[in-house]
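Let me begin by presenting the structure, written as structure tokens, before commenting on it.
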6 protein chains.
Amino acid sequence: MGNLANTLGVVKRNITRADATAVDKLGRFGVATVHEAMGRVGLMQRYMRPIYPGALVAGTAVTVLLHPGDNWMMHVVAEQIQPGDIVVAALSAENCDGFFGDLLATSFMARGAKALVIDAGVRDVKDLTAMGFPVWSKGISAKGTIKSTLGSVNIPVVCAGANVNPGDVIVADDDGVVCVPAGWAQKVADAAEAREANEGEKRAKLKAGVLGLDMYKMREPLEKAGLRYID
Amino acid sequence: MGNLANTLGVVKRNITRADATAVDKLGRFGVATVHEAMGRVGLMQRYMRPIYPGALVAGTAVTVLLHPGDNWMMHVVAEQIQPGDIVVAALSAENCDGFFGDLLATSFMARGAKALVIDAGVRDVKDLTAMGFPVWSKGISAKGTIKSTLGSVNIPVVCAGANVNPGDVIVADDDGVVCVPAGWAQKVADAAEAREANEGEKRAKLKAGVLGLDMYKMREPLEKAGLRYID
Amino acid sequence: MGNLANTLGVVKRNITRADATAVDKLGRFGVATVHEAMGRVGLMQRYMRPIYPGALVAGTAVTVLLHPGDNWMMHVVAEQIQPGDIVVAALSAENCDGFFGDLLATSFMARGAKALVIDAGVRDVKDLTAMGFPVWSKGISAKGTIKSTLGSVNIPVVCAGANVNPGDVIVADDDGVVCVPAGWAQKVADAAEAREANEGEKRAKLKAGVLGLDMYKMREPLEKAGLRYID
Amino acid sequence: MGNLANTLGVVKRNITRADATAVDKLGRFGVATVHEAMGRVGLMQRYMRPIYPGALVAGTAVTVLLHPGDNWMMHVVAEQIQPGDIVVAALSAENCDGFFGDLLATSFMARGAKALVIDAGVRDVKDLTAMGFPVWSKGISAKGTIKSTLGSVNIPVVCAGANVNPGDVIVADDDGVVCVPAGWAQKVADAAEAREANEGEKRAKLKAGVLGLDMYKMREPLEKAGLRYID
Amino acid sequence: MGNLANTLGVVKRNITRADATAVDKLGRFGVATVHEAMGRVGLMQRYMRPIYPGALVAGTAVTVLLHPGDNWMMHVVAEQIQPGDIVVAALSAENCDGFFGDLLATSFMARGAKALVIDAGVRDVKDLTAMGFPVWSKGISAKGTIKSTLGSVNIPVVCAGANVNPGDVIVADDDGVVCVPAGWAQKVADAAEAREANEGEKRAKLKAGVLGLDMYKMREPLEKAGLRYID
Amino acid sequence: MGNLANTLGVVKRNITRADATAVDKLGRFGVATVHEAMGRVGLMQRYMRPIYPGALVAGTAVTVLLHPGDNWMMHVVAEQIQPGDIVVAALSAENCDGFFGDLLATSFMARGAKALVIDAGVRDVKDLTAMGFPVWSKGISAKGTIKSTLGSVNIPVVCAGANVNPGDVIVADDDGVVCVPAGWAQKVADAAEAREANEGEKRAKLKAGVLGLDMYKMREPLEKAGLRYID
């Protein structure tokens with residue numbers, strides 16, 4: 001059953017990473033802006049939360065598919081990390097054990113990883129916070145894992161409801177995690193920039209007391225839709 | 001179907017806000033104290049959490065009823081905000097998209113709003129934290145919303161399991177959110193004050209090592225209830 | 001029905017606490033390390049979270065069994081606290097009301113308690129944080145409780161999925177809560193120490209860029225398991 | 001603190017029930033139809049599920065406010081039941097103990113109750129099913145309750161996110177539970193009837209293969225919105 | 001670390017099962033009655049649900065501790081089953097894969113097992129239903145498991161929040177699952193019988209229209225507690 | 001921003017459906033068997049449950065991407081249904097409103113659809129059950145939806161955590177839902193057949209009392225792993 005087996009126990013070494021300039025540019029915007037610029041797709045589910053507040057990262061995805069309670073492939077994926085990468089770990093079934101701690105983080109950082117995004121649990125979060133290695137995860141758990149079953153590295157995965165292909169851009173901050181397909185990176189970065197430029201002016205107006213009702217010219221459509229004011 | 005339609009697509013401009021002195025007084029106490037003083041009613045469900053720790057606010061409710069994935073009415077409610085108000089946003093069905101971000105916050109702050117309480121999601125939480133605009137929400141989500149369907153402003157709503165009428169007092173802190181009916185505000189504030197005064201003395205005794213068993217004279221009722229000590 | 005009744009309405013005054021030296025030693029390691037050293041048992045469920053980040057405590061358990069919405073026994077257990085103890089509160093049925101606040105914390109601290117671990121809710125978390133009294137709980141809720149039904153103190157309990165006997169060692173940090181049976185305390189502490197010593201060297205290697213694949217000699221077993229590298 | 005206390009420990013004996021003809025008429029339609037006819041308000045949260053499939057009931061609400069783990073007021077509300085009523089039980093805080101079983105059901109049925117809607121747990125569900133007494137609840141639990149704290153009967157309550165006033169009409173089926181304010185009952189029943197009549201014709205067309213796209217004339221607005229067909 | 005290791009990779013062959021007469025007697029009562037008779041302890045969490053309605057079983061526990069995603073020990077426990085046993089499967093960490101299907105059920109039935117109670121997932125539920133083999137589980141999942149890590153058989157376990165020792169009595173029905181310690185079995189069965197006898201008379205009275213208020217003489221204590229009737 | 005926009009507001013009319021013979025063959029096996037045969041990938045999350053028990057379907061996927069609270073595209077996808085298809089509805093963000101009821105089911109059935117798989121809510125479940133139209137959904141909700149925003153039809157989607165491409169095979173039963181890529185259909189069907197054939201013999205042996213320990217020759221590896229039997 002060639003095709004099927006191909007997705008298990010495979011490590012793809014050569015992947016095409018999104019353009020570095022586009023990644024850097026995307027990193028100047030938050031997740032909400034990028035998500036809007038991309039047409040509101042690619043967002044991971046909102047249970048993906050950072051282990052500490054304030055981090056904003058953008059990087060290229062190296063992916064890993066793990067099985068419940070087994071973090072063997074985390075060591076395999078470590079070797080495939082290049083500076084600027086973000087490891088995206090998907091699970092073959094729901095599980096929230098602690099797949100990742102300070103030792104793996106030390107290794108990932110040594111390889112140049114910027115962050116970990118994992119649809120499962122992490123541990124040693126106090127150490128990870130002190131090390132400044134940001135992780136977005138489904139939860140926190142001290143429960144250890146075994147090293148017994150093969151998963152795969154750098155195959156397309158579904159992580160927290162979002163498709164991630166190796167080389168895609170991951171942007172993550174306090175609002176969550178979004179995946180930008182590598183081929184869209186430049187266009188989305190440009191669109192995000194345009195949005196943001198646009199927002200500066202809006203912010204100033206709103207601060208000065210102009211209402212969104214007027215700034216966005218909503219009064220007419222609201223009236224057409226039937227909005228009534230009473231006293 | 002007049003009566004029914006009246007609750008949809010309506011903005012009530014004139015509402016009676018709770019007495020400002022009572023609101024200020026309530027703002028000196030935490031949610032737990034106010035909730036106790038009121039007879040243990042009016043508490044929103046505990047999934048309502050602040051986006052950053054440490055805030056304590058009290059203000060008068062302007063209410064808005066939203067539909068899933070649609071934040072059009074947030075712009076409508078903005079116009080109805082007066083200094084000292086807290087916007088209370090209820091949903092017509094369960095949804096946790098990001099209905100509110102830094103632009104709307106800028107507008108709300110310009111109008112004098114003290115906080116937002118929303119039974120749905122928010123985004124741009126890093127910016128909101130930097131701006132010092134506190135939000136109590138069901139969750140955090142970068143997912144954007146559309147502007148398509150009418151809700152209502154300043155009608156009675158059920159927000160996170162609690163009834164809120166326009167003009168009621170909202171008190172919120174790290175323990176959650178409680179709604180004090182406008183007509184009860186002064187009495188509840190007085191009761192909270194009495195409780196708090198009372199607590200200072202208790203705290204001192206407990207700190208000195210006196211047991212609650214003795215301070216509250218619980219030993220006799222416990223024995224009557226059948227409590228037995230063994231070695 | 002003697003046997004049954006024995007577990008309700010009982011306060012055991014004399015319990016055998018784990019050896020203080022072992023407790024102190026356990027307190028030098030985090031929950032993940034202790035959990036590993038013990039063979040991956042004794043961990044409470046991951047919904048048990050600290051009310052503020054950064055605390056690490058180890059202490060001897062005094063246990064209390066509570067009923068939904070009733071915190072009467074919290075006053076009873078206070079009297080049984082000795083310096084260095086951690087109160088472990090289990091519930092007879094799922095409930096997340098606020099069983100504990102700043103007054104009880106004042107009393108517990110006066111008795112020498114180091115922390116509270118409760119499979120229910122707490123309140124006054126801002127005050128508790130200011131007081132530096134750490135609590136691991138299922139949630140935060142301002143909802144008060146009554147004082148009406150007897151539970152028990154210092155009986156064996158199941159707290160958040162873990163068995164806790166009075167006198168056992170509780171270790172808690174940002175990763176969660178683990179219970180070490182009193183009789184195992186010294187051996188687990190020694191095993192944790194051995195692990196940690198071991199980890200220093202590993203950390204240095206990983207930091208220098210050595211891969212876990214090589215350090216743990218995983219390449220051969222991975223190949224045997226069928227791992228294939230493709231380009 | 002008169003006003004506040006009025007809501008606790010009170011049993012209102014005389015309530016105005018919705019018109020019986022309107023209630024009967026509403027009982028001919030399912031929850032989805034009634035909910036639509038009413039303008040999409042009044043729906044309880046979707047965690048409210050029937051203990052057995054297939055029941056459809058409509059009746060007038062007698063309300064009861066309970067406290068976690070305490071079903072004392074269920075006996076008080078029993079006396080206020082009149083034939084055709086549905087008991088609506090709200091909780092002052094989240095709890096899912098088994099507040100209701102076959103004995104209370106026997107009593108409720110003897111009083112003429114048609115169903116129970118409870119934002120908490122029930123037990124003896126096998127017996128209740130055999131008795132044909134339908135219950136919509138948050139869950140099933142064998143956990144018993146105590147009889148210690150006063151709640152109230154026939155006050156306005158929030159049940160599973162919906163406002164219910166004594167005398168309102170409750171309609172419940174496999175899709176959930178909806179509350180129709182007593183004053184709206186006739187109009188909503190009429191609107192539901194109009195909808196349903198309307199639906200027969202639509203159903204026949206759709207069955208014959210006519211597409212909703214054509215029947216509802218959606219092709220033009222879809223095209224205007226930008227829908228594109230590709231091959 | 002002898003003591004610790006003793007709990008992993010161990011199969012205890014000789015266990016003392018609760019008295020068969022007591023087990024049979026307990027099987028005549030539902031879970032709610034047994035739970036009450038025992039003083040409201042021993043109940044598993046309410047997420048434990050039967051895969052089909054209507055089953056009522058009582059049997060002696062053989063226990064097994066499993067690891068996430070690994071059902072190897074299910075084959076080991078099969079050998080320890082004696083007629084009348086119920087297998088109680090606990091997990092070392094939260095997981096809901098499908099640990100059990102029709103093949104294992106065939107084996108368990110051949111050994112005389114009456115049911116499975118598992119704090120994880122099952123699959124082949126249509127087949128299990130057709131075979132009449134009842135399972136109470138945390139959920140249903142087609143996700144398969146591996147056979148790689150040792151757990152233990154017939155050690156004390158915590159299953160869905162309840163302590164279960166090998167040989168204890170498990171009673172399960174549509175209301176959930178309760179564990180009766182072997183040493184309590186006869187007394188609890190007697191107490192359940194007394195309760196049930198008692199209930200027949202009560203049921204008849206309630207059916208005849210007598211109110212619980214009168215039958216349980218609640219009017220006086222309610223009045224003392226402050227209950228007021230208004231019109 | 002061509003690429004991005006291409007995924008929104010698009011209906012692909014010509015899709016390549018999996019081979020009909022393979023689909024039929026897959027329909028003879030349950031979800032658990034197909035999932036195993038495919039190497040344990042492609043399974044939707046376990047919250048996807050059938051609205052009534054006992055259904056087993058296999059069909060080719062026509063996909064639709066919906067937005068929270070908006071079922072406009074359900075009418076668009078109806079036109080693309082061919083006999084034997086199963087509609088797979090994904091959501092752009094978490095939402096559980098009732099997107100589908102008896103009218104749409106009538107239309108889908110008239111077009112030859114075998115089932116609906118939707119990562120959101122459905123309503124009219126009593127009618128759908130009577131009509132024999134099976135639905136696997138995230139939940140049941142009477143809450144209606146609007147028709148306002150464009151999604152897409154027959155684009156690749158992530159539904160309940162699984163990738164689904166138009167034309168893929170969907171197999172669903174009481175155990176859940178699995179997606180077989182169209183290109184794998186024949187091989188997976190063959191593998192499932194081989195498994196099932198294999199299982200008949202195993203079932204007979206187990207029924208006769210042979211233990212899995214012996215049939216699968218597990219005793220040696222268990223001993224090697226360190227399993228110890230004690231009395």
Side-chain angles (χ1 to χ4, degrees), chain A residues 5-6 8-15 51-53 69 71-81 96-98 100-112 121-131 138-155, chain C residues 29-50 53-56 161 171-178 195-196 198-219 221-231:
Chain A
N6 272 345
L8 294 173
V10 170
V11 182
K12 193 161 165 39
R13 274 178 298 216
N14 296 331
I15 62 170
I51 57 168
Y52 57 83
N71 80 340
W72 208 9
M73 300 306 287
M74 291 298 262
H75 293 278
V76 178
V77 75
E79 192 177 24
Q80 306 307 318
I81 296 170
C96 204
D97 288 354
F100 184 87
D102 72 321
L103 285 181
L104 270 167
T106 302
S107 180
F108 278 29
M109 287 181 87
R111 306 289 300 178
V122 289
R123 56 185 192 174
D124 299 333
V125 294
K126 194 176 177 178
D127 295 325
L128 298 178
T129 302
M131 294 161 71
K138 187 178 179 178
I140 293 165
S141 170
K143 178 64 171 53
T145 48
I146 60 170
K147 295 176 206 326
S148 167
T149 307
L150 293 188
S152 287
V153 168
N154 282 333
I155 63 167
Chain C
F29 311 105
V31 169
T33 297
V34 172
H35 166 64
E36 290 291 339
M38 193 165 46
R40 297 190 177 169
V41 295
L43 200 62
M44 291 192 188
Q45 290 188 10
R46 69 184 172 86
Y47 62 70
M48 297 297 285
R49 301 297 306 146
L56 165 59
V171 184
D173 67 11
D174 290 347
D175 287 346
V177 185
V178 68
R195 257 189 93 83
E196 197 90 330
N198 202 0
E199 288 202 345
E201 192 188 350
K202 286 184 195 169
R203 198 172 288 113
K205 279 191 188 171
L206 293 169
K207 202 167 185 175
V210 178
L211 285 166
L213 287 178
D214 297 312
M215 192 171 78
Y216 298 114
K217 301 193 194 311
M218 289 174 174
R219 291 193 193 272
L222 282 164
E223 194 185 345
K224 266 191 194 162
L227 192 68
R228 289 166 303 119
Y229 285 83
I230 61 175
D231 289 324

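Lettering follows sequence order; numbering is per chain, from 1.
In this structure, chain C has heavy atoms under 4.5 Å from both the backbone and the side chain of A:Ile140. Proximity to chain C (any heavy atom under 4.5 Å) is restricted, for A:Asp102, to the side chain, taken from C-beta onward. Residue A:Val153: no heavy atom, backbone or side chain, is found under 4.5 Å from chain C. Residue contact with chain C, scored on non-hydrogen atoms closer than 4.5 Å, is absent for A:Met74. Interface remark: A:Ile146 contributes backbone and side-chain atoms alike to the contact with chain C (heavy atom separation under 4.5 Å). Of the atoms belonging to C:Leu227, heavy atoms from both backbone and side chain fall under 4.5 Å from chain A. Only the side chain of C:Tyr216 comes within less than 4.5 Å of a heavy atom in chain A; its backbone stays farther off. For A:Arg123, the parts sitting under 4.5 Å from any heavy atom of chain C are the backbone and the side chain alike.
Pairing each heavy atom of C:Leu43 with each of A:Lys143, the nearest pair is CD2-N, 3.4 Å. Of all heavy-atom pairs spanning C:Glu36 and A:Gly144, the tightest one is OE2-CA, 3.3 Å. Residues C:Leu206 and A:Ser107 share a closest heavy-atom pair of CD2-CB, 3.9 Å.
Inter-residue side-chain proximity for A:Thr106 and C:Lys202 is flagged as unmet; no heavy-atom pair is nearer than 4.5 Å. Between C:Pro53 and A:Tyr52, the closest side-chain pair of non-hydrogen atoms is not below 4.5 Å. Under the 4.5 Å side-chain criterion, counting only non-hydrogen atoms from C-beta, C:Leu222 is not in contact with A:His75.
Under a cut-off of 6.0 angstrom, the local environment of CD in C:Glu196 is crowded, with over 12 non-hydrogen atoms contributed by other residues, nucleotides or ligands.
Ranked by heavy-atom pairs under 4.5 Å with chain A, the list C:Met218, C:Gln45, C:Lys207 is led by C:Met218. Between chain C and the options A:Val125, A:Thr149, A:Asn154, the largest number of non-hydrogen pairs under 4.5 Å is found for A:Val125. In terms of heavy-atom pairs under 4.5 angstrom with chain C, the leader among A:Asp127, A:Leu103, A:Leu104 is A:Leu103. For chain C, the option among A:Met109, A:Lys126, A:Arg13, A:Met73 with the highest count of heavy-atom pairs below 4.5 Å is A:Arg13.
The structure places CZ of C:Arg40 at 6.0 Å from OG1 of A:Thr145, a figure rounded to the nearest 0.5 Å. One distance of note links CD of A:Glu79 with CZ of C:Arg219; it measures 4.0 Å at 0.5 Å rounding. The NZ atom of A:Lys12 lies 5.5 Å from the CD1 atom of C:Ile230; values are rounded to the nearest 0.5 Å.
Formation of a donor-acceptor pair under 3.5 Å by the C:Asp175 side chain with backbone atoms of A:Asp124 is found in this model.
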